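Since the structure is predicted, the reported quantities are computational estimates derived from the model, not experimental observations.
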Amino acid sequence: MAASHTSSSSTHHQILQSKYDVFLSFRGEDTRNNFTDHLHAALIRNGFVAFKDDETLDTGNEISSELSKAIEESNVSIVILSKNYASSPWCLDELAKIVECGNKRKDSKVFAIFYGVDPADVRKQKGEDFERAFAKYEEEFKENQEKVLKWRAALTRVASLAGWHLQDRFSPLIYLFLFNYLFMVIIFCLFSSDVSTIAYYKLTHVTSLEI
C-alpha cells in the first residue's frame with residue numbers, strides 16, 4: 001500500500017505524539033480526484049501530517065493492518081461521506097474502526113463531510129444508494145449480521161455529528177471557506193492545551209487554498 005503523508009516541524013510532533021494529525025476516509029471513485037485531493041493538498045501545504053490512501057484498496061472485505069494502525073495513530077479523522085461510500089465494505093470497516101478509536105480515545109476527534117448526500121439518508125441508511133448497499137449486505141452477510149449492524153451503527157454515529165453538507169460539484173469559494181474552517185478546528189483539537197504552540201503555528205504557516 002502506498003500512502004501520502006508529509007511531516008511538519010519537529011516542535012509540532014514533540015507535542016502531538018501521534019504519527020498523523022489527520023486521517024482522511026473517503027470513497028475513491030467519488031472524491032479521490034476532486035474534493036479529497038484538494039483537501040489533502042491543502043492540509044499538506046499548511047503543515048499538517050495527513051494520511052490519505054493513494055491506492056485503490058477497497059477490493060476486499062477487511063482493512064489492512066497498516067491502515068488500521070494509521071487510524072489509531074491519527075488525532076483527527078475526517079470522513080467524506082458520498083453516494084458510493086456505503087457500497088464499499090472496506091470503507092465501512094474503516095469507518096467502524098474510526099468510531100471504535102473515537103470511543104476509546106477522548107482526544108480522538110471525528111468530523112463528517114456529506115458530499116452530495118443527505119445527512120438523514122446516511123444516518124438512517126435510507127435513499128437509493130444506501131438502501132441498495134445494505135440490502136446487498138443483509139444477503140451477503142447472513143452468517144455475520146453483527147458486522148452489518150456494526151456498519152449501520154458507525155454510519156448512524158458519524159452522521160449524527162455536526163458536519164458540512166456539500167453539493168457534488170467543484171466550488172472554489174466554498175472549498176476555501178470550508179478548508180480554512182477545518183484547519184482552525186483541527187488546530188484547536190491538536191493544540192488547545194498549549195497556547196504557545198497555537199501562536200507558533202500561526203506564525204509559521206499560512207492557511208490558504210491554491211486552486
Side-chain angles (χ1 to χ4, degrees), residues 1-5 20 22-44 48 50-64 67-68 70-71 74 76-99 110-137 140 147-148 150-179 181-182 186 209 211:
M1 179 185 73
S4 178
H5 39 83
Y20 303 105
V22 183
F23 181 93
L24 298 177
S25 177
F26 62 98
R27 184 69 159 112
E29 67 182 70
D30 289 342
T31 68
R32 182 187 298 279
N33 296 319
N34 44 67
F35 179 81
T36 299
D37 268 358
H38 286 301
L39 174 57
H40 179 255
L43 286 165
I44 297 303
F48 294 101
F51 185 101
K52 178 177 76 74
D53 159 43
D54 281 336
E55 298 292 337
T56 305
L57 293 175
D58 51 2
T59 55
N61 286 331
E62 294 184 2
I63 60 175
S64 68
L67 197 57
S68 181
I71 294 171
S74 298
V76 174
S77 291
I78 298 176
V79 182
I80 303 160
L81 296 155
S82 54
K83 68 177 185 176
N84 290 305
Y85 190 95
S87 68
S88 168
W90 189 280
C91 285
L92 294 175
D93 266 348
E94 190 175 276
L95 184 67
K97 179 66 177 180
I98 288 171
V99 170
V110 182
F111 300 100
I113 295 173
F114 303 93
Y115 187 83
V117 295
D118 188 328
D121 287 346
V122 180
R123 187 167 56 251
K124 300 176 182 178
Q125 295 89 63
K126 297 295 184 182
E128 180 180 356
D129 297 307
F130 288 87
E131 284 189 17
R132 180 172 62 246
F134 275 91
K136 176 184 176 183
Y137 296 144
E140 184 177 347
K147 176 186 279 287
V148 179
K150 188 175 183 179
W151 288 343
R152 286 188 181 277
L155 281 169
T156 299
R157 174 70 178 276
V158 172
S160 298
L161 301 173
W164 297 268
H165 189 189
L166 299 178
Q167 297 301 315
D168 184 3
R169 64 173 180 268
F170 180 68
S171 177
L173 185 59
I174 292 176
Y175 281 21
L176 177 64
F177 279 117
L178 173 57
F179 290 0
Y181 183 77
L182 276 173
I186 294 168
L209 172 64
I211 297 177

Inset, instruction - List the steps, then state whether side-chain contact (heavy atoms from CB on, under 4.5 Å) holds for E128 with D121. - result: CA-CA 9 Å; E128 180 180 356; D121 287 346; over 6 Å; no
Legend entry - Closest non-hydrogen atom pair between A154 and A96, with its separation: CB-CA, 3.9 Å
Inset, instruction - Determine whether F114 and D118 make a side-chain contact, defined as any pair of heavy atoms from C-beta on separated by less than 4.5 Å. - result: no
Legend entry - ring-ring contact (aromatic ring centres under 6.0 Å, His included) partners of F134, counting only residues at least two apart: Y137
Legend entry - CG on L166 to CG on L81, rounded to 0.5 Å: 11.0 Å
Legend entry - Reported CG-to-CG distance for the pair L24 and D37, which is rounded to 0.5 angstrom: 10.0 Å
Inset, instruction - For the residue pair Y85 and V117, establish whether any side-chain heavy-atom pair is separated by less than 4.5 Å. - result: no
Inset, instruction - Answer whether the closest heavy-atom distance between the side chains of L43 and I186 falls below 4.5 Å. - result: yes
Legend entry - Listed partners of D129 passing salt bridge (Lys or Arg N to Asp or Glu O under 4.0 Å), at least two apart: R132
Inset, instruction - Output yes when a side-chain donor or acceptor of R32 lies under 3.5 Å from a complementary backbone atom of D53, and no otherwise. - result: yes
Legend entry - Interatomic distance, I113 atom CD1 to L178 atom CG [nearest 0.5 angstrom]: 5.0 Å
Legend entry - K150 with D93: basic N within carboxylate O range, under 4.0 Å: no
Inset, instruction - Kindly say whether C91 contributes a backbone atom to a donor-acceptor pair with the side chain of S88 at under 3.5 angstrom? - result: yes
Legend entry - Minimum heavy-atom distance S25-E94, with the two atoms named: OG-OE2, 2.6 Å
Inset, instruction - Would you please name every residue forming a salt bridge (Lys or Arg N to Asp or Glu O under 4.0 Å) with R123, sequence neighbours left out? - result: none
Inset, instruction - State, to 0.1 Å, how close H40 and A50 come at their nearest heavy-atom pair, and which atoms those are. - result: NE2-O, 3.7 Å
Inset, instruction - May I ask you to test the W90-L67 pair for a side-chain heavy-atom distance under 4.5 Å? - result: yes
Inset, instruction - In sequence, state the C-alpha distance, the side-chain angles, and the governing distance for V110 and V99, and then conclude on side-chain contact (heavy atoms from CB on, under 4.5 Å). - result: CA-CA 8 Å; V110 182; V99 170; over 6 Å; no
Legend entry - Any V22 side-chain heavy atom under 4.5 Å of L182 side chain: no
Inset, instruction - Give, for atom CG of L92 and atom NZ of K97, the distance between the pair rounded to the nearest 0.5 Å. - result: 16.0 Å
Legend entry - Closest contact, heavy atoms only, P119 versus A159: O-CB, 3.9 Å
Legend entry - Results of ring-ring contact (aromatic ring centres under 6.0 Å, His included) for F35 - residues two or more places apart only: Y115, Y175, F179
Legend entry - Expected output: side-chain N84 to main-chain D30 donor-acceptor under 3.5 Å: no
Inset, instruction - Not counting sequence neighbours, which residues clear side-chain contact (heavy atoms from CB on, under 4.5 Å) with K136? List them please. - result: E140
Legend entry - Partners passing side chain to side chain donor-acceptor pair (under 3.5 Å) against T36 (at least two apart in sequence or in another chain): T31
Inset, instruction - Please work out whether the ring planes of F23 and F51 are parallel, tilted or perpendicular, with thresholds of 30° and 60°. - result: parallel
